[in-house]
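Working notes, beginning with the structure itself.
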Protein chains: 2
Amino acid sequence: MGLQVMERQKSKKNYHHGDLRSALLRSARALLEQQGISALGLRAITRHAGVSSAAAVPHFGNLAGLLSALATTGHEELAAALEPVLEIGAHAAGLVYVRFAIHNPGLFTLMFRSDVIDRGDRPLAAASARTSHMLTRLIGNMTDHQPQRTRSGIRAAHWGKVHGLAVLAIDGLLDPLLSSQGEDMSLEDLLDDALR
Amino acid sequence: MGLQVMERQKSKKNYHHGDLRSALLRSARALLEQQGISALGLRAITRHAGVSSAAAVPHFGNLAGLLSALATTGHEELAAALEPVLEIGAHAAGLVYVRFAIHNPGLFTLMFRSDVIDRGDRPLAAASARTSHMLTRLIGNMTDHQPQRTRSGIRAAHWGKVHGLAVLAIDGLLDPLLSSQGEDMSLEDLLDDALR
DNA sequence: AATAAAACTTATCAATGACAAGATATCGCC
DNA sequence: GGCGATATCTTGTCATTGATAAGTTTTATT
């Protein structure tokens, strides 16, 4: 019995790799954050995981499937990070959103690259919708309603601002704003200010 | 003499194509808006223009060079569209920004795809800076200064909001917000509301 | 008119994603 | 406990891609 378990563990770790699916996702993420999205080739990922280039097929079908699964984990992580701060307010939630993007630039970018991921992928759509739902709850919690504006308008405005700041920050496009007239500020401070 | 001119015109248009550079940019743009960024291969572009696959080299060096040139024209167009409305105010300028994105989704997306364009490209950097400069002028024109906020913060906030709305709208991620509780609104109305 | 330079084509190369066919391990069932 | 079915993984191959070197044709210079 103990032996059986050992053997299972061993075979799980070795030949049939046991959980190649997770291993591939980890490899993909490592490559993503180290070398950017363009390094996310099917061959590069499988090479990094130490398996043959066709090993991903049973688990993901094709490259888009693999990347969609990776993007799904990203949405789940973002939603998990957002959830605890929803009650605190829009400012706090916005900061969490942007911080997630800055700390996982590759993953965050991938999550919105419709040309390399498969938006029809069920788990991805579900995770994406869950993240989106956070926004709805956030606006629902907001106390100061502006009666002349649509609820959808407020949601779009908030999401747009937060998302735009995240995208621009990742691309380094906010850097020139950090040093204005001799004064230098940190990116964190700029974002904090921008989100007020 | 007339014959000479004719011959020049003919040779200019035909064999050495005369202005293959512009022709390639037009082909690239056509493919971009018809089939998306993933259709922007070197071979697809040259095929569309009716020349061999290596014909782009003298003009652009490589694919990234060609796409950078295309992105440059995008920044120039955006800046040109923005300039006349800067004095009107942030709301009008924001609408112009987002409308440009929606009407040229492929081009706008390309302008911010740092992995396929070459940010070191001189003309691109110049055009990009010019667009960026519009934002600065816009904020400079704003009358209601909020003293507690940094100028950079205000700039980042405005750019982020506008840019984020553009990106989300292009990806179709704002569509679910259009129909809330039975009421339907147009994307244009939503953006107008969100930008207030 | 002759020579230099630029534009363009052809041919080739390494690398990619997908896929079919085969080998090998796991699982369900008896 | 073993055997057949199934899933996993490898190997080999294919069409396609971007880049580049070598050769050809046009344009520019003098």
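Computed from a prediction, not measured in an experiment: that's the story for all the values here. Residue numbering restarts at 1 for every chain, and letters A, B, ... go by the order of the sequence lines.
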- Message: Tell me if a side-chain donor or acceptor on B:E76 pairs with a main-chain N or O of B:A127 at a distance below 3.5 Å.
- Response: no
- Are A:R21 and D:dA7 close enough that a side-chain N or O sits under 4.0 Å from OP1 or OP2? no
- Figure out the CD1/P separation between A:I117 and C:dG17, and round it to whole Å. 17 Å
- Message: Starting the side chain at C-beta, find the nucleotide from D:dT11, D:dA19, D:dT8 nearest to B:N62.
- Response: D:dA19
- Query: Rounding to a whole Å, what distance do you find between B:D19:CG and D:dT27:P?
  - Reply: 14 Å
- Query: Can you find a side chain N or O atom of A:H59 that sits less than 4.0 Å from OP1 or OP2 on D:dC9?
  - Reply: yes
- Query: Taking A:T46 for the side chain and A:L42 for the main chain, is one N or O donor matched with an acceptor at less than 3.5 Å?
  - Reply: yes
- In whole angstroms, the gap separating C1' of C:dT16 from CG of A:L40 amounts to 14 Å
- Query: So which nucleotide from C:dG17, D:dA19, C:dT10 ends up closest to the side chain of A:L42?
  - Reply: C:dG17
- Item | B:L63 CG - D:dT17 C1' separation (whole Å) | 10 Å
- What does A:V57 touch in the nucleic acid at a heavy-atom separation under 4.0 angstrom: a base, only the sugar-phosphate, or nothing? nothing
- Task: State which of D:dT17, C:dC8, C:dG17 makes the closest approach to the side chain of B:R43.
- Result: D:dT17
- Query: Just how far, in rounded Å, is C1' of D:dT8 from CZ of A:F60?
  - Reply: 13 Å
- Just by distance, with hydrogens left out, do A:S38 and B:D115 show a side-chain donor and acceptor under 3.5 Å apart? no
- Message: Holding to ring-ring contact (aromatic ring centres under 6.0 Å, His included), I want the full list of residues that pass it with A:F112, two or more places apart in sequence or in another chain.
- Response: A:H75, A:F108, A:H163
- Note on the structure: Atom CG of B:L66 and atom P of D:dA19 are separated, to the nearest Å, by 10 Å
- Task: Give the rounded distance in Å between these two atoms: CG of A:L20 and C1' of C:dA25.
- Result: 14 Å
- B:S68 and B:D118 side chains, donor-acceptor separation under 3.5 Å: no
- Query: Of A:A54 and B:G41, whose closest DNA chain D nucleotide lies nearer the 5' terminus?
  - Reply: A:A54
